[in-house]
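Just so you know, these numbers use all the heavy atoms, side chains as well, and skip hydrogens, waters and symmetry mates. Residue indices begin at 1 and follow the sequence shown.
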Amino acid sequence: MSAHFHEIEEGLSFLPKFDASGLVTCVATDVASGDVLMVAHMNEEALRKTIATGEAWYFSRSRNALWRKGETSGQTQRVIEMRTDCDQDAVWIRVEQIGAACHTGRRSCFYRKVEGESGGARLVFADAERLFDPDAVYKK
C-alpha cells in the first residue's frame with residue numbers, strides 16, 4: 001500500500017476524490033431520526049461552500065449549476081456533521097432539515113419502496129405525504 005493510499009484511508013487530510021465529471025456523491029440524513037433524506041452531488045465549489053457556511057450546497061447535473069439547498073423552496077439544510085467514506089469518494093452529511101428535502105414536496109426523496117412481484121418489481125408509496133405543493137413553490 002502506497003503512502004498516498006495510507007493517507008487517504010487512515011490519515012487526517014481531507015482529500016476528496018472527485019469523479020471524471022468533477023463530482024462527489026453526497027448522502028444527506030436527518031440528524032435527529034437518521035432517515036436518509038436525499039442523495040445528490042457536490043463539485044469542489046459546493047463542497048467548499050458547504051464547509052464554509054454550514055449550509056448544504058449541491059451541484060445539479062441536470063441544470064449544470066451550483067445550488068444552495070432551499071434557495072427556491074425555503075426547505076433548507078443546516079449541516080451538523082460531515083463525514084467522508086474510507087476512500088474519500090463520497091460524503092455523508094447529517095443535517096437539520098427545515099421542511100421537506102425532496103423537490104416533490106416530501107420529507108425524503110426515498111418515498112417509494114421496491115417490492116418483488118412475479119419475478120419483477122413494483123413501487124409502493126411509503127411515507128409519501130407532501131409537506132408542500134411543488135407547483136406552488138417552484139412556479140414552473
Side-chain angles (χ1 to χ4, degrees):
M1 183 181 297
S2 75
H4 182 67
F5 284 116
H6 183 76
E7 181 60 26
I8 288 172
E9 293 183 355
E10 300 295 333
L12 298 179
S13 296
F14 186 40
L15 304 166
K17 189 188 319 174
F18 297 96
D19 68 13
S21 300
L23 302 174
V24 64
T25 301
C26 177
V27 177
T29 62
D30 184 282
V31 70
S33 69
D35 291 345
V36 176
L37 298 174
M38 57 185 281
V39 174
H41 296 88
M42 292 180 170
N43 63 3
E44 187 175 356
E45 185 179 5
L47 192 55
R48 189 172 56 251
K49 284 180 175 268
T50 298
I51 293 167
T53 66
E55 294 183 62
W57 286 77
Y58 299 104
F59 185 83
S60 169
R61 294 179 300 172
S62 60
R63 294 188 312 255
N64 195 35
L66 185 72
W67 58 283
R68 182 180 57 81
K69 179 68 177 154
E71 67 187 333
T72 302
S73 68
Q75 315 294 301
T76 60
Q77 292 177 340
R78 186 167 76 87
V79 179
I80 304 304
E81 180 181 54
M82 178 184 284
R83 295 187 186 193
T84 188
D85 70 338
C86 56
D87 58 358
Q88 298 198 42
D89 66 354
V91 294
W92 168 28
I93 57 175
R94 297 175 67 219
V95 303
E96 281 184 352
Q97 176 68 53
I98 306 303
C102 187
H103 74 281
T104 67
R106 294 177 174 96
R107 185 174 169 281
S108 168
C109 294
F110 293 88
Y111 55 88
R112 293 174 292 181
K113 293 189 293 187
V114 179
E115 294 186 347
E117 180 180 77
S118 306
R122 69 183 182 115
L123 298 177
V124 177
F125 285 102
D127 304 317
E129 178 186 349
R130 282 199 163 95
L131 302 181
F132 70 85
D133 177 1
D135 291 334
V137 169
Y138 298 113
K139 298 185 186 351
K140 295 179 182 179

Undergrad: Group every Ile, Leu, Val, Met, Phe, Trp and Tyr by side-chain heavy-atom contacts under 4.5 Å, then state whether Tyr58 and Met82 land in the same group.
TA: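 Same hydrophobic cluster.
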Undergrad: When clusters are formed from ILVMFWY side-chain contacts under 4.5 Å, directly or step by step, what else is grouped with Val36?
TA: Val27, Val39, Phe110
Undergrad: Is a side-chain N or O of Gln97 found less than 3.5 angstrom from the main chain of Ala100, in a donor-acceptor match?
TA: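 Looks like yes, one N/O pair under 3.5 Å.
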Undergrad: Excluding sequence neighbours, so at least two apart, what forms side chain to side chain donor-acceptor pair (under 3.5 Å) with Glu96?
TA: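 Once residues adjacent in sequence are excluded, the partners of Glu96 under the side chain to side chain donor-acceptor pair (under 3.5 Å) criterion are Arg78.
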Undergrad: If the test is side-chain hydrogen bond (donor to acceptor under 3.5 Å, both in side chains), which one of Gln77, Lys69, Arg68 qualifies with Glu55?
TA: Arg68
Undergrad: Got a sec, which residues hit salt bridge (charged side-chain N to carboxylate O under 4.0 Å, His left out) with Arg107, two or more places apart in sequence or on another chain?
TA: Asp30, Asp35
Undergrad: Going by side chain to side chain contact (heavy atoms under 4.5 Å, CB included), name the residues that satisfy it together with Asn64, two or more places apart in sequence or in a different chain.
TA: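 Phe59.
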Undergrad: For residues 15-25, which side-chain N or O atoms pair as donor and acceptor with protein atoms under 3.5 Å away, sequence neighbours left out?
TA:
| residue | atom | partner | partner atom | Å |
| --- | --- | --- | --- | --- |
| Asp19 | OD1 | Ser21 | N | 2.8 |
| Asp19 | OD1 | Gly22 | N | 3.1 |
| Asp19 | OD1 | Leu23 | N | 2.9 |

Undergrad: Cut-off 3.5 Å, no hydrogens considered: what does the side-chain donor-acceptor table look like for residues 112-127, sequence neighbours left out?
TA:
| residue | atom | partner | partner atom | Å |
| --- | --- | --- | --- | --- |
| Glu117 | OE2 | Arg122 | NE | 3.1 |

Undergrad: Is the shortest side-chain heavy-atom distance between Lys49 and Leu66 below 4.5 Å?
TA: yes
Undergrad: Hey, mind stepping through Trp57 and Met42 against side-chain contact (heavy atoms from CB on, under 4.5 Å) and telling me if it holds?
TA: CA-CA 7 Å; Trp57 286 77; Met42 292 180 170; 5.8 Å; no
Undergrad: I'd like to check Asp85 versus Trp92 (side-chain heavy atoms, cut-off strictly below 4.5 Å). Are they in contact?
TA: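 No. Closest side-chain heavy atoms not under 4.5 Å.
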